[in-house]
Amino acid sequence: MNSSELKSFLDEKVIQYNTLDFIESDPVQIPHLFSQKEDIEIAGFLSATIAWGNRKMIIKNSHKMMDLMGNAPYDFVMSHSENDLERLETFVHRTFNGQDFASFIRSLQHIYKNHNGLEAVFSTNESRSIGTESMQKSIHEFKKFFFEIPHHYRTQKHISDPLNNSAAKRINMYLRWMVRQDTKGVDLGIWKSISPASLSCPLDVHSGNVARKLGLLTRKPNDAKALAELDLRLREFDPIDPVKYDFALFGLGVFEKF
């Protein structure tokens, strides 16, 4: 396929997979449970944090996280006691355990009390220069804000740093949920201070393999350099909403075994 044919093919796949049916098998369903902005963004952040491994288990454990917070994530973050945090000790999803969960709750409270919330922190270091739109430095700075209070060292591994050559798949997916203005209703688009043009594709084994088969990506590791390469190609197809192609790449990989 030439570039024009490839764009048409991917645009068709976006239409095919960016539908409400996508929600029922994806962890994006968790923030959709809520209507208050802060509930949505906290629920999304926590469920995106554990979004690796078996998708059914991700969704099951994300629901468990919400249950442990009384299905009121913002209220729990802002008004929890140490006794409340002890309830979280039983939680485990792969290497993310109850100790990590409690650390995240403390850090989220710090973000809301001292830095005006998640949207404000992520929007601070967004690059909007034409041709270099990016959230990668913003993600790097967010990690510093998040861990500027006492925390367990092991918990740091659960937030990736693009400036340390990570593709930061889960945070980029979270940003897609929060920022992308989606007429189909999958992505929530509640953050208006960040441009969708700055978003990056959540690069994982599925989207990476599909991108290589389609000639969109040559680099073999799924790292920050590969993400920059993929971003460049996707921005050629749609500079305003490049991350919409995540639906195409993910759908081709997961649902069609492309």
Side-chain angles (χ1 to χ4, degrees), residues 18 20 22-53 55-78 80 88 91 93-94 96 100-101 103-112 115-124 126 135 138-139 142-143 145-146 155 158-160 167-182 184-196 198-204 241 243-244 246-247 250:
N18 186 20
L20 290 175
F22 183 88
I23 296 174
E24 65 188 43
S25 64
D26 192 84
V28 74
Q29 68 183 255
I30 304 301
H32 273 284
L33 296 171
F34 302 95
S35 57
Q36 183 183 352
K37 177 179 184 283
E38 292 83 2
D39 282 333
I40 292 168
E41 58 196 14
I42 291 171
F45 181 74
L46 291 172
S47 52
T49 295
I50 64 165
W52 83 101
R55 295 175 82 213
K56 288 183 179 178
M57 189 58 68
I58 292 165
I59 293 167
K60 178 182 176 183
N61 284 335
S62 294
H63 279 289
K64 188 180 293 184
M65 288 176 119
M66 300 305 113
D67 289 342
L68 285 166
M69 294 186 292
N71 289 299
Y74 180 59
D75 182 61
F76 187 86
V77 163
M78 299 308 290
H80 67 270
L88 311 183
F91 182 82
H93 176 82
R94 298 178 72 105
F96 188 93
D100 300 316
F101 194 178
S103 283
F104 265 56
I105 296 301
R106 293 187 186 99
S107 288
L108 284 166
Q109 185 187 72
H110 169 69
I111 291 289
Y112 280 91
H115 297 295
N116 298 315
L118 285 165
E119 180 179 5
V121 174
F122 274 111
S123 65
T124 302
E126 175 190 3
M135 292 299 296
S138 179
I139 296 170
F142 167 76
K143 183 170 184 174
F145 281 118
F146 198 76
T155 303
H158 294 296
I159 294 185
S160 301
K169 173 251 179 178
R170 286 168 287 162
I171 294 187
N172 281 312
M173 180 181 70
Y174 172 65
L175 291 172
R176 194 201 85 204
W177 293 352
M178 295 298 107
V179 174
R180 184 169 174 269
Q181 306 300 309
D182 186 359
K184 303 299 183 182
V186 180
D187 295 323
L188 296 114
I190 60 170
W191 289 359
K192 309 302 184 184
S193 63
I194 297 172
S195 169
S198 299
L199 299 177
S200 290
C201 184
L203 177 61
D204 64 6
D241 185 21
V243 79
K244 73 181 183 185
D246 180 39
F247 287 98
F250 185 82

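Position 1 is the first residue of the sequence; numbering continues from there.
To the nearest 0.5 Å, atom CG of residue Leu108 and atom OH of residue Tyr74 are 11.0 Å apart. Here the straight-line distance linking atom CG of Leu46 with atom NE2 of His93 works out to 12.5 Å at 0.5 Å rounding. Interatomic distance, Trp177 CH2 to Ile40 CD1, rounded to the nearest 0.5 Å: 12.5 Å. Atoms CD1 and OG, on Ile58 and Ser25 in that order, are 11.0 Å from each other to the nearest 0.5 Å. Once rounded to the nearest 0.5 Å, the distance linking CH2 of Trp52 with CE of Met57 reads 13.0 Å. Atoms CG and CG, on Asp182 and Asp241 in that order, are 8.0 Å from each other to the nearest 0.5 Å.
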Worksheet entry | side chain to side chain contact (heavy atoms under 4.5 Å, CB included) assessment of Phe104 paired with Leu88 | CA-CA 11 Å; Phe104 265 56; Leu88 311 183; over 6 Å; no

Discussion item. Side chain to side chain contact (heavy atoms under 4.5 Å, CB included) for Phe250 and Asp204? Distances and angles first, verdict last.
Written reply: CA-CA 9 Å; Phe250 185 82; Asp204 64 6; 4.3 Å; yes

Worksheet item: Going through the distances and angles, do Thr124 and His115 end up as a side chain to side chain contact (heavy atoms under 4.5 Å, CB included)?
Response: CA-CA 10 Å; Thr124 302; His115 297 295; over 6 Å; no

Item to complete: Output, in order, the C-alpha distance, side-chain angles, deciding distance and verdict of side chain to side chain contact (heavy atoms under 4.5 Å, CB included) for Ile105 and His80.
Response: CA-CA 9 Å; Ile105 296 301; His80 67 270; 3.5 Å; yes

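When every heavy atom of Ile30 is checked against every heavy atom of Ser62, the shortest pair comes out as CG1-CB, 3.6 Å. Closest approach of Phe145 to His110, counting heavy atoms only: O-CD2, 3.7 Å. In this structure, Val186 and Arg176 approach most closely via the heavy-atom pair CG1-NH2, 4.4 Å. Across every non-hydrogen atom of Asp39 and Asp75, the tightest pair is OD1-N, 4.5 Å. Listed here is the closest heavy atom pair of Gly185 and His32: O-CE1, 3.2 Å. Nearest approach of Pro202 to Val243, heavy atoms of both residues: CD-CG2, 4.0 Å.
Distance alone, capped at 3.5 Å, is enough to place a donor-acceptor pair between the Arg170 side chain and the Thr49 backbone. In this structure a side-chain-to-backbone donor-acceptor pair under 3.5 Å is present from Glu119 to Ser193. Between the side chain of Lys169 and the main chain of Ala51, a donor-acceptor pair closer than 3.5 Å is present. A donor-acceptor distance shorter than 3.5 angstrom exists from the side chain of Asn172 to the backbone of Ala167, with no hydrogens or angles considered. A side-chain donor-acceptor contact under 3.5 Å links Tyr174 to the backbone of Glu41. Checked by atom type and distance alone, the side chain of Ser123 never pairs as donor or acceptor with a backbone atom of Ile194 at under 3.5 Å.
With contacts defined as side-chain heavy-atom distances shorter than 4.5 Å, the pair Asn71/Phe76 does not qualify. Side-chain contact between His63 and Leu33 is present, with at least one heavy-atom pair separated by less than 4.5 Å. Here the side chains of Phe91 and Ile50 are in contact, with some heavy-atom distance below 4.5 Å. By the 4.5 Å heavy-atom criterion applied to side chains, Phe22 and Lys184 are not counted as neighbours.
Partner His158 forms a ring-ring contact (aromatic ring centres under 6.0 Å, His included) with one of Phe96, Phe101, Phe45, Phe146 and no other, that one being Phe96.
The number of heavy-atom neighbours closer than 6.0 Å to NZ of Lys56, taken from other residues, nucleotides and ligands shown, is 12 or below. Other residues, nucleotides and ligands place more than 12 heavy atoms under 6.0 Å from the NZ atom of Lys37.
Every residue meeting the salt bridge (Lys or Arg N to Asp or Glu O under 4.0 Å) condition with Arg106, not counting sequence neighbours, appears here in chain and number order: Glu82.
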